[in-house]
Amino acid sequence: MLNIVLFGPPGAGKGTQSAKLIEKYQLVHLSTGDIFRANIKGGTELGTLAKSYMDQGQLVPDEVTIRMLESEADKSPDAQGYIFDGFPRTPAQAKALDQFLASKNTSITMMLALEVEEDELKKRLLLRGRDSGRADDVDPAVIQKRIDVYRNETEPVRDYYQAQDKYTGIKGTGSIDEIFERLCAAIDSLVK
Ligand code: AMP
């Protein structure tokens with residue numbers, strides 16, 4: 001299996017690149033943010049809970065997030081591999097993911113981390129807020145909070161994979177196709 005953690009701060013382009021990568025490598029896309037948004041739209045209890053955190057730019061608690069991710073992954077038992085987008089966001093989530101994959105006799109192949117400067121992130125998020133109406137992309141204070149949460153709570157996840165020698169940094173600026181080519185080159189050099 002090819003199991004990729006696509007990592008990076010909010011606005012780094014994880015969703016955009018995931019859509020291209022799943023097509024090329026025939027992977028299943030697991031985006032915890034997308035699953036939370038689908039639950040909000042569907043008016044589920046999980047959606048109501050998640051929204052209370054998302055609107056503040058804070059992380060949804062690990063236990064809820066991990067359980068949701070695992071049940072979503074279990075919906076595609078025949079997958080050739082997964083792209084984890086926006087997950088894991090804490091070291092506890094990363095450990096839980098390792099255990100979950102080990103129980104399926106597989107593991108994370110690599111982490112690809114999109115690197116983008118903070119000023120550029122803020123520009124992209126405000127644009128997305130204007131175009132998509134995503135609630136957490138509209139308010140500059142919430143955007144700042146999400147970037148701060150990323151630095152404080154999520155960046156340690158990078159060290160977790162670095163310690164396993166699974167980390168690759170990818171320049172996340174340039175055209176969508178240029179960034180995609182860098183990601184594919186990193187995958188192909190490892191997998192072939
Ligand atoms: P995203 O679409 O990945 O930018 O996520 C939007 C929001 O959903 C985040 O700001 C968090 O509130 C929540 N969220 C998404 N993924 C996770 C996760 N792995 N752990 C905790 N909260 C998450």
Might you work through the side chain to side chain contact (heavy atoms under 4.5 Å, CB included) test for Thr109 and Met1, ending with a clear yes or no?
CA-CA 8 Å; Thr109 313; Met1 282 178 95; 6.0 Å; no
Nearest 0.5 Å please: distance from the [atom1] atom of [X] over to the [atom2] atom of [Y].
| X | Y | atom1 | atom2 | answer |
| --- | --- | --- | --- | --- |
| Ile35 | Arg37 | CD1 | CZ | 10.0 Å |
| Leu30 | Leu6 | CG | CG | 12.5 Å |
| Asp159 | Tyr167 | CG | OH | 9.5 Å |
| Ile179 | Cys184 | CD1 | SG | 12.0 Å |
| Leu114 | Gln17 | CG | CD | 6.5 Å |
| Ile108 | Phe84 | CD1 | CZ | 5.0 Å |

Got a salt bridge between Glu115 and Arg158, using NZ or NE/NH1/NH2 to carboxylate O under 4.0 Å?
no
Applying the side chain to side chain donor-acceptor pair (under 3.5 Å) criterion to Gln93, which one of Thr32, Asp98, Thr154, Asp62 satisfies it?
Asp62
Check step by step if salt bridge (charged side-chain N to carboxylate O under 4.0 Å, His left out) holds for Lys104 and Asp74.
CA-CA 10 Å; Lys104 316 249 171 227; Asp74 280 337; 2.9 Å; yes
Are any side-chain N or O atoms of [X] and backbone N or O atoms of [Y], one a donor and one an acceptor, separated by less than 3.5 Å?
| X | Y | value |
| --- | --- | --- |
| Ser31 | Asp34 | yes |
| Ser71 | Met68 | yes |
| Arg124 | Gly11 | yes |
| Thr48 | Thr44 | yes |
| Lys14 | Gly86 | no |
| Arg89 | Glu153 | no |

More than 12 heavy atoms of other residues, nucleotides or ligands under 6.0 Å from [atom1] of [X]: yes or no?
| X | atom1 | result |
| --- | --- | --- |
| Asp165 | CG | no |
| Ile176 | CD1 | no |
| Glu117 | CD | no |
| Lys122 | NZ | yes |

Least distance between heavy atoms, Ile170 atom then Ala186 atom
CD1-CB, 3.9 Å
Verdict with supporting geometry, Asp177 and Lys20, side chain to side chain contact (heavy atoms under 4.5 Å, CB included)
CA-CA 9 Å; Asp177 286 339; Lys20 293 172 75 70; 3.1 Å; yes
So [Y] and [X], do their side chains get closer than 4.5 Å, heavy atoms only?
| X | Y | answer |
| --- | --- | --- |
| Val5 | Lys166 | no |
| Arg146 | Met54 | no |
| Lys95 | Tyr160 | yes |

Per the side chain to side chain contact (heavy atoms under 4.5 Å, CB included) rule, which among Ile143, Val142, Asp137 passes with Asp139?
Val142
Checking Asp131, Leu125, Leu126 against Arg128 for side chain to side chain contact (heavy atoms under 4.5 Å, CB included), the one that qualifies is Leu125
Whether the Asp188 and Tyr25 side chains hold a donor-acceptor pair (N or O, under 3.5 Å, no angle test) is what I'd like checked.
yes
Between Asp148 and Lys145, does the salt bridge (charged side-chain N to carboxylate O under 4.0 Å, His left out) criterion hold? Intermediate values first, please.
CA-CA 5 Å; Asp148 294 346; Lys145 175 74 188 168; over 6 Å; no
Are [Y] and [X] linked, directly or through intermediate hydrophobic residues, by side-chain heavy-atom contacts shorter than 4.5 Å (ILVMFWY only)?
| X | Y | value |
| --- | --- | --- |
| Tyr161 | Leu112 | no |
| Leu27 | Ile187 | yes |
| Tyr82 | Leu21 | no |
| Ile4 | Val191 | yes |
| Phe87 | Ile40 | no |

Leu69 vs Leu97, side chain to side chain contact (heavy atoms under 4.5 Å, CB included): CA-CA, chis, key distance, verdict
CA-CA 9 Å; Leu69 186 277; Leu97 180 60; 4.2 Å; yes
